[in-house]
Amino acid sequence: MSYDRRGGGRRRYRDDYDDRRREYHETPEEKLRLSIIKFGEVDALAELPRVEKQIREYVPLNISNLSEAFRFSVTEQPYKIPYYASLLRALHEQPDASDGPSLGRQILEDLWKGFQSYLDKLAWREARLCIQFFAHLTMAKVVSPDSMISLLQAFTSVLDEFGVSNGRAKRAAMCAAEGLMFAGPVIKAHSALAVTDIINAIQAYNDTMSNPTWLVQPTTEAHQESIVFDFADELLDTILRALRTLNESDFSEIASIIPQPYASYPEPDSSFSPFNLPAVLVPPEVIEIDGLSVDSETDIQVRKEEWPEFYVRLFDNEITPDPTTPTGYVIRTALLDIVEIYEVNRKECARLLLEYPKWNLPGAFKPKPGAPVESDPVEGKDWQLESTILETILGAYLVLPAPSGEPLYYSSLITELCKLSPSTVGPAVGKSIRKLYGFLSEGLDVESARKFAEWFAIHMSNFNFQWVWREWIPDLSSPVQHPKRTFIQRAVEYEVRLSYHDRILKTLPEAMQAPDAYLITERAPGPNFEYDDPSNPYHESAQTVLNLIRGRAKAEDVIANLETLKTTLENADEPINVNSVVRSITVGSLLHIGSRSFSHLLNAIERYLPLLRSISSASLSTSGGGGSPEAKADILTGVASFWQTNRQMIGIVFDKLMQYQIVDPTDVVAWVFSQETSIGEPRVLGGPSSIGTHEWDLLKGALDKANGRVVIAKRKVVALRKEDDDTRGRAKATANAMEVDADKPEEESPTVDNPQLNTALKALSTLTQEQKGVLARTLEGFVAYLAPSPTNHRANPATRTVITVQGWSERANWGSDEWAAWETWGWYRHFCRAYSPYLRNYTNTLSAVSFSRFEGASDPAAELLKKTWNVATGQA
């Protein structure tokens, strides 16, 4: 190597030395732990003797390090559980005649402590996977059957708790069911009665969930009689059907479903003593104090888990395993666990999903092209792995009312799968899209259809927006409100948001570009400032206001100009609403300045907050107080008119107006239900109003804003109460320590008001009233739409048609009115289930206000309204 006189050689040597000094060296314990975690990556059966020897020969022995490695592996790599059970069985045996506890027993004792910590924290997934591990250890003769039965019965006892929530009961039932499923042969041979009791306990609880199940199945049944759809399965139903199938065969089928590498071990001798799992008590649920959740961070997840879980089926049983069978349930659950655990790393998740057959018994899935065919397959089903993975991911994504993970994660995961294996995953994606599209006319829930459109658009954006649109051209002959047409229109709109209008326009066939298709506009979505037109009678007045705002005039000067304009218009002979015109000009001018970017929009709103508060009053003056409903409705109408070709911006601006308290969430809800036609919908040709996806997005934004403010206020009150209690406790302790007169009776320290806490409580009370008002106004709006009074001119007679079985059977002949009513029914149902935790807080009040006029009436629409409400609020 040549020497650089300018110091390059020395610098190179110095950098190498620094790199060596920074190099991290694993300790022997860390190497052992990593060896356990990576056990089985190549060949588990071949690696087992080596790993066992490595563990036994390591000194000094550190049981906690070993048990931590096992616990991490079991809960983070559940597809390896049978092999870890086999490894622990090997460690449980004594290689010599020593009388002390075996290494496997010591590890299991410490691992049990970790399981108890999961249970104390109500970490249901980790607890369930640990139970699967214990079940395999029972099959391996390491855990005694009696203690395993007692463990499972501890979870079934949760189902008998008074007032147990569905989320808690569902997770406890899964723990008991899967433990019984994997350890069934041993438990059935030991006590057939225990097996029957566990299955009957789960069945008895599941029978009580018929009404909630009706509300969250992925089909909108806008009628009172139930229609059975065969493209979705409920979680507990699938567990029970799989368990009953296994029980009929004395669980002999389980050996052909789950790998049991420990089955080759010889029968233990008389010196081999099984481990007795300690008795366990499932901790109670988190309680609420004074209506304030002790752990508000879990509120969202709790709401998701409180409903039964329906998973959409996309393919026939010849393509993907039937989840109601033992094999299908085990495969789907294993894939779901991988999807949930590896949410933090979607690339690793995609790799593990495609490698899942490595951990399954051979022959279950078709081999990859070019791969050797198994000579003696245990399963001869030949299912399609990629279709099974897609069905599992999309099933989890479409769970109602919301998936357990972030919606974008599922889209990103499917994209990663396509990148890893485009030749096999790509066709599965195409088949999945076509299947879901076919379900649209078969009653697919409106929220599921909305999420389907979002995923479709996101997926297309990752693959150059290439889709065979011509397949769907025949559906353009359907009514404009038909679910397939609304899906296409929504998907195209989302694609435009993710790209450019002209680019998406070029991907569509000519039939879909036509104006009468109502799918895409000729020009790109943009602002619509109607006063820019010189022919507009208020063009000059609007230009004056626009120039003032563009020149960053003071808000007071703009308000003064508006007063002058108002006076001028009032003196004119035209019969107009002067205040509405002035508000329209002002809002349009502000949005015109802010239309260049989000920063321009925020700067314009923040600079002219006094101006917005002024025009929100009834008299267009700063002395208008909190504003009038009519004025706020004019502001919202001005926003919708300005962004009528870009519905996404309507929601964004509405959100900013609520954030700056120019309008309240109640004003947004009232405005949405006051619109005569669907907002910004080119597909609507007039006629009865309906609630579509865009209207729902606006309602959801208002509801989330009101509910979010209450949650934040509750957290603040809880924090201030805790701080106040700590302060009082310290003051009292100090006073007692300084007390020297033992005979003097102890006096209660005087109560000192906490100004911050009082202010927070007042704010919480105000925001709670706002929340109640928003929920009430939304409920009233849906009731007025779906069961209007005879004098309501907006009554849609189609609502009476779609709620009957006869009407649903005639859906092929439905027109736009019927499909519009059906969609509105769907959004009402989703409102009830998505916001049920909040609605239950005001059940009596909201029921009295919205349903009192239906007492004694026989209106079928009203009956279905009340039935949906009662199920959502836990009254049925």
Side-chain angles (χ1 to χ4, degrees), residues 218-220 231 312 314 390 393-403 406-415 429-463 465-469 471-473 475-476 478-499 501 504-505 507-508 512 517-521 525 646-648 650-651 678-684 690-701 819-820 822-824 826-827 830 834:
T219 53
T220 299
F231 59 81
V312 174
L314 300 179
L390 261 294
I393 296 174
L394 290 174
Y397 172 61
L398 297 176
V399 166
L400 297 171
E406 290 296 327
L408 188 59
Y409 165 64
Y410 300 97
S411 303
S412 304
L413 179 57
I414 294 175
T415 300
V429 171
K431 290 188 293 183
S432 300
I433 291 173
R434 291 178 176 89
K435 281 287 185 177
L436 285 173
Y437 182 78
F439 291 158
L440 290 170
S441 58
E442 299 300 320
L444 186 66
D445 186 86
V446 291
E447 172 64 6
S448 298
R450 184 195 65 79
K451 291 194 289 186
F452 171 35
E454 283 189 353
W455 166 64
F456 175 84
I458 293 173
H459 189 77
M460 292 299 108
S461 71
N462 290 319
F463 297 95
F465 296 99
Q466 296 300 315
W467 180 250
V468 192
W469 290 102
E471 295 180 359
W472 296 344
I473 290 179
D475 294 317
L476 297 181
S478 302
V480 291
Q481 294 278 22
H482 191 278
K484 288 186 176 180
R485 290 197 64 175
T486 57
F487 168 81
I488 298 173
Q489 190 271 338
R490 195 178 308 130
V492 171
E493 179 184 350
Y494 290 160
E495 285 191 352
V496 172
R497 295 182 186 182
L498 295 168
S499 181
H501 174 271
I504 302 303
L505 186 65
T507 65
L508 299 176
M512 290 186 173
Y518 301 108
L519 298 181
I520 190 169
T521 56
N646 191 337
R647 301 191 297 181
Q648 183 183 23
I650 297 176
S678 195
I679 308 158
E681 287 272 12
R683 59 185 174 86
V684 173
S690 66
I691 298 297
T693 302
H694 178 59
E695 290 78 18
W696 170 252
D697 287 341
L698 297 180
L699 291 174
K700 183 177 183 296
W819 283 116
W822 177 87
E823 186 175 15
T824 305
W827 288 121
H830 185 60

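Scope of the values below: all heavy atoms of this structure, side chains included, with no hydrogens, waters or symmetry mates. Predicted model, so just to flag it, every value in this text is computed and none were measured.
Counting only heavy atoms from C-beta outward, the side chains of Gln648 and Val496 never approach each other to under 4.5 Å. Side-chain contact check for Met512 versus Leu476: some heavy-atom pair is nearer than 4.5 Å. The shortest side-chain heavy-atom distance between Leu444 and Pro483 does not fall under the 4.5 Å cut-off. By the 4.5 Å heavy-atom criterion applied to side chains, Ile520 and His501 are counted as neighbours.
For the pair Ile504 and Ser499, the tightest heavy-atom approach, listed with the atom from each and the gap, is CD1-CB, 4.1 Å. For the residue pair His459 and Thr415, the shortest heavy atom distance occurs at ND1-OG1, 4.2 Å. Val492 and Leu519 get closest at one heavy-atom pair: CG1-O, 3.8 Å. Closest approach of Pro218 and Ser448 over heavy atoms only: CB-OG, 4.3 Å. In terms of heavy atoms, Tyr518 sits closest to Val480 at CD1-CG1, 4.0 Å. For the pair Lys451 and Ala402, the tightest heavy-atom approach, listed with the atom from each and the gap, is NZ-CA, 4.4 Å.
When atom types are taken as modelled, the side chain of Ser412 and the backbone of Leu408 share a donor-acceptor pair closer than 3.5 angstrom. Not one N or O on the side chain of His830 forms a donor-acceptor pair closer than 3.5 Å with the backbone of Leu400. Between the Arg485 side chain and the Ala517 main chain, a donor and an acceptor come within less than 3.5 Å of each other. Between the side chain of Thr486 and the backbone N or O of Gln481 there is no donor-acceptor pair closer than 3.5 Å. In terms of modelled atom types and a separation under 3.5 Å, the side chain of Glu823 and the main chain of Ala820 share no donor-acceptor contact.
To the nearest 0.5 Å, atom CE of residue Met460 and atom OG1 of residue Thr507 are 10.5 Å apart. Annotation: the span from Gln489 atom CD to Tyr494 atom OH amounts to 9.0 Å, rounded to 0.5 Å. To the nearest 0.5 angstrom, Ile473 atom CD1 is 9.5 Å from Ile488 atom CD1. Distance check: Arg497 CZ to Asn646 CG gives 7.5 Å after rounding to the nearest 0.5 Å. Atom-to-atom distance recorded for Trp472:CH2 and Leu508:CG is 11.0 Å, nearest 0.5 angstrom.
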Report the C-alpha distance between Trp822 and Val446 in whole Å, list the side-chain angles of each, state the deciding distance to 0.1 Å, and finish with yes or no for side-chain contact (heavy atoms from CB on, under 4.5 Å).
-> CA-CA 9 Å; Trp822 177 87; Val446 291; 3.8 Å; yes
Between Leu390 and Lys435, is a side-chain contact (heavy atoms from CB on, under 4.5 Å) present by the stated rule, with each step listed?
-> CA-CA 12 Å; Leu390 261 294; Lys435 281 287 185 177; over 6 Å; no
Dump the intermediate steps for side-chain contact (heavy atoms from CB on, under 4.5 Å) on His694 and Glu493, then the final yes or no.
-> CA-CA 11 Å; His694 178 59; Glu493 179 184 350; 5.7 Å; no
Step by step, would you call Leu398 with Asp445 a side-chain contact (heavy atoms from CB on, under 4.5 Å)?
-> CA-CA 10 Å; Leu398 297 176; Asp445 186 86; over 6 Å; no
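Centroid-to-centroid, the aromatic rings of Trp455 and Tyr397 stay 6.0 Å apart or farther. Aromatic pair Phe487/Trp819: ring centres not closer than 6.0 Å.
Under the 30°/60° scheme for interplanar angles, the aromatic rings of Trp467 and Phe456 are found to stand perpendicular.
Inspection of the Thr693 and Arg490 side chains reveals an N or O donor paired with an N or O acceptor under 3.5 Å.
The environment of Lys484 atom NZ is dense: over 12 non-hydrogen atoms of other residues, nucleotides or ligands sit within 6.0 angstrom.
For the pair Arg450 and Glu447, the salt-bridge criterion is met [side-chain N within less than 4.0 Å of a carboxylate O].
Of the listed residues (Ile393, Ile458, Leu394), just one forms a side-chain contact (heavy atoms from CB on, under 4.5 Å) with Tyr410, and that residue is Ile393.
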